[in-house]
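What follows is a set of notes on a single structure, which appears directly below.
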Amino acid sequence: MLSLLILTLNLLLLPASSFHLAPPSSSFSSRRRVQAIVPLRSHTITTETDALGNEVHTLNIPSISTSIQTGAIGRQASSALLLTTNTTTLYATACLSRACTDRDFLPLSVEYQERFSSAGLTSGGYGKREGRPTERETLMCRLMDRPVRPLVDQRVRNECQLLSWVLSYDGETNLQSGAVTLAAAAAYMSDIPMSEPCACASVGMDEYVGMDEGGGFVLNPTRGQAEGSALDLTIAGTETKVLMVEGHADFITEEKMCEAISFGMESVREVCKAVRDFKEKVGRVEKEWSFTEVPESVASLASSSASPHIDLAYSSPDKSTQVEHIEVAYETAKAAVESSFPGMGGHAYSVVKSDFERRMYELALQGKRVDGRSPSDVRPIDIKAPFLPNAHGSAVFTRGETQAVATATLGDKGMELKYDTLWGQGKKRFYLQYSFPPSSVGETGRVGGVGRREVGHGNLAERALSRAIPSDFPYTVRVESLITESHGSSSMASVCGGYLAMREAGVPLKEVVAGVAMGAVKDREAPVEESVVLSDLMGVEDALGVMDFKVAGSRTGITTFQLDTKTDGLTVAFMEKALRQAKEARIHIIEKMEEAGAATAKELPDKVPKVRGFTIDEGGIGKVIGPGGKQIRSIIEDFELSNMDVGEGGEIQVSGFNSTRLAEVQAFVEKLVAPREGGGGRERSSKPRYEGPEPEEGKTYTGKVTGVHKWGVFLEILPGLEGLCHVSELHVEHVRSVEGFVG
């Protein structure tokens, strides 16, 4: 009792920030679980010396059960770190080239690889080696890049590279938060000029934990927990600001979303403080950078030369005219500076860009935008659905000068998208594939392979729509979004177009789903709270603004979200403001979609094959498939099926255009696998059971041939005991035909 009293008193004496919800160690249960509130344990840093005399430093962060180590491997890199959580190990390096490039942007590249050997597996390819990045690896690269890039000095022109590998994986540990945190820590502890540390946290939601126990949020949920969660949020930030948000949810409210962000930021702050302390103790001495400042006379000349063209650009309502005046502004300023100050023309770009940003902010303060809208206005919307006569479902969604042609195709299980992961093969019953040809912005360029941007935008739109499809819908759904015009937020146009196409294909969607991109503009020196939030972001506003916040959902809640910043971060209060304005814009778009019939349920078109599912006993699978697949091919042909899929558990799905034939094939298969009862045929005599002594190895036996196959013969060497004599053992010379040899 005394020890309990002392423990309680110690907890009461701890500051409020020292309390933390302990993350559960098991998957979500079906019963209400009470989570204990425990004090956050401070991080520790230890130093050891290895056998070669190298110092190995380890940062332990008990609150997230993670350690970060440096000095053990990769000592020639600018920074090399190992992160360990449970039995999962990640490795990340950061390097900076010595030479300065001639590019006019920060040349930062990020790569991430999930090695199959980390889970005791081998790649299924012929080369047995990891090849091009998978979709998951590509998405992880984007997650790691987005919070780090704004914190690196934008004047750096040296190549910066962050590399990351999964070396050991236990099958359950959350990889997103660890990979992003480790890459950011590697960059911060290297000689890359990064202003402050950033970290990442994942947040899930457990419906069985009440508001009094942390709002139902779970920090860094395991893979199993995330699969059953109504919220999958990944958040990265510094000790004070939010830098990146990514995830999807099951129609949660804006208020709940902000609560989840605040919850995750508690862990982010603690890890940032730990990484800052770690660098102070073991980090490299920062490289001294000297950047050429733009002389006042050069800046003044560049600004005055570009000013008339900036005014013309911001008074042009269409994109092509805007782009033309913007290009002329840069070229005119560069030519004027180069003429008066030879060799200084390159400085004009940063000056003119700053002028464009400032002028856009001044317009926004007056309640105006480049195209004449107010900050909260959405561009005009036009919808054509259906659009293509032979597609299962199709629609054209146009918002301003952004346009998406979306198609939906329905199929059976054979159309599922299969992919390999560290925990086995996965399948998708719904997937969205996004294409962004260069013609959509009036340019020429490479076509063919899918770039990171297309993968990321397609995945974002896919997550927005996936929660609207009923779990018992028997079809596999593939949505394609072809961007035919682009002037901002083509991914959100894909959400709207994809929804309309699925509705035309007869998919019984739960709610009308739409998406909108939100932006923000501000003066470079002003705090983020003074930013002006812009609804339905245009391309020029995205390029010159400080925020790109994509939010999709229905009238009732959010299904997906993605935040990128070009500043040192946003406050949760500012994000709340942006979410409120985003909801108004989203509902406006939904109303326009409903006017076009988006809320009206559609029947499956005649061109969509009908699907029927049933289950048989696992023991009958062989009878349905037959030797070499002969039986299943015969069933498909005889009953005029489009396809027949047999699962390992006995689940059968058949598809075709004739509903009567689908019912007949089910009756046929059930009869085929039904156990036969006595009556008509001759009973097969059972073989005598062998009960004698075990055969002796090395002893010669004479037996009776009981079976002849191409791989050998079966011999009965003792009553009831058979064995195989392989074809290679029949003779000292090669036997071409077992049947001929035995005969």
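For reference, positions follow the sequence shown, starting with 1. Keep in mind that this is a model prediction, so the values were computed, not measured.
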Would you say the side chain of [Y] lies within less than 4.5 Å of the side chain of [X], judging by non-hydrogen atoms?
X: Arg453; Y: Tyr434; value: yes
X: Asp645; Y: Asp412; value: no
X: Val654; Y: Gln666; value: no
X: Phe397; Y: Leu500; value: yes
X: Val669; Y: Phe639; value: no
X: Met205; Y: Ile252; value: yes
X: Val513; Y: Phe251; value: yes
X: Gln425; Y: Asp420; value: yes

So, using side-chain contact (heavy atoms from CB on, under 4.5 Å) as the criterion, who are the partners of Ser486 when residues are at least two apart?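 Counting only residues at least two positions away or on another chain, Ser486 forms a side-chain contact (heavy atoms from CB on, under 4.5 Å) with Phe436, Ser440, Val441, Ile483, Ser490.
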Quick one: list whatever passes side-chain contact (heavy atoms from CB on, under 4.5 Å) with Ala464, sequence neighbours left out.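 Counting only residues at least two positions away or on another chain, Ala464 forms a side-chain contact (heavy atoms from CB on, under 4.5 Å) with Val495, Ala552, Thr559, Thr560.
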Sidechain-backbone polar pair: [X] side chain, [Y] backbone, donor-acceptor under 3.5 Å:
X: Tyr701; Y: Glu696; result: yes
X: Arg586; Y: Ser554; result: yes
X: Thr407; Y: Ser394; result: no
X: Tyr419; Y: Lys428; result: no
X: Thr398; Y: Ile381; result: no
X: Glu651; Y: Gly649; result: yes
X: Arg612; Y: Ser659; result: no
X: Asp617; Y: Gly619; result: yes
X: Arg399; Y: Ser489; result: yes
X: Gln113; Y: Glu137; result: no

Hey, are [X] and [Y] close enough for a salt bridge, meaning a charged N less than 4.0 Å from a carboxylate O?
X: Glu416; Y: Lys413; value: no
X: Lys602; Y: Glu504; value: yes
X: Arg452; Y: Glu111; value: yes
X: Arg142; Y: Glu246; value: no
X: Glu637; Y: Arg633; value: no

Tell me the closest heavy-atom pair linking [X] and [Y], and the distance in Å.
X: Met644; Y: Val624; value: CE-CG1, 3.7 Å
X: Phe614; Y: Glu670; value: CD1-OE2, 4.5 Å
X: Phe657; Y: Val608; value: CE2-C, 3.9 Å
X: Asp170; Y: Thr85; value: OD2-O, 4.3 Å
X: Phe387; Y: Lys384; value: CB-O, 4.0 Å
X: Ala385; Y: Ala395; value: CB-CB, 3.8 Å

Should Ser491 and Lys550 be marked as a side-chain contact (heavy atoms from CB on, under 4.5 Å) after you check the CA-CA gap, both sets of side-chain angles, and the distance that decides it? CA-CA 9 Å; Ser491 62; Lys550 299 181 178 72; 3.2 Å; yes
Walk me through whether His731 and Phe741 qualify under side-chain contact (heavy atoms from CB on, under 4.5 Å). CA-CA 9 Å; His731 198 271; Phe741 180 82; 4.1 Å; yes
With no hydrogens and no angle check, do the side chains of Asn643 and Ser655 hold a donor and an acceptor under 3.5 Å apart?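 Looking only at side-chain atoms, Ser655 and Asn643 do not form any donor-acceptor pair under 3.5 Å.
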Could you tell me if Glu716 and Thr706 have a donor-acceptor pair between their side chains, going purely by distance under 3.5 Å?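 The answer is no; no qualifying pair exists.
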To the closest 0.5 Å, what do you measure between [atom1] ([X]) and [atom2] ([Y])?
X: Leu175; Y: Leu143; atom1: CG; atom2: CG; answer: 11.5 Å
X: Ile590; Y: Cys496; atom1: CD1; atom2: SG; answer: 8.5 Å
X: Gln403; Y: Thr484; atom1: CD; atom2: OG1; answer: 3.5 Å
X: Leu641; Y: Ile636; atom1: CG; atom2: CD1; answer: 6.5 Å
X: Met144; Y: Leu163; atom1: CE; atom2: CG; answer: 8.5 Å
X: His248; Y: Ser229; atom1: NE2; atom2: OG; answer: 8.0 Å

May I have the step-by-step check of side-chain contact (heavy atoms from CB on, under 4.5 Å) for Phe668 and Asp638, ending in yes or no? CA-CA 11 Å; Phe668 173 81; Asp638 293 345; over 6 Å; no
With a sphere of 6.0 Å drawn around [atom1] of [X], does it hold more than 12 non-hydrogen atoms of other residues, nucleotides or ligands?
X: Glu648; atom1: CD; result: no
X: Lys427; atom1: NZ; result: no
X: Lys671; atom1: NZ; result: no

Look at the aromatic rings of Tyr91 and Trp165 and report parallel, tilted or perpendicular, splitting at 30° and 60°.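 Rings of Tyr91 and Trp165: parallel, under 30°.
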Evaluation steps, side-chain contact (heavy atoms from CB on, under 4.5 Å), between Thr409 and His392: CA-CA 5 Å; Thr409 306; His392 290 173; 3.9 Å; yes
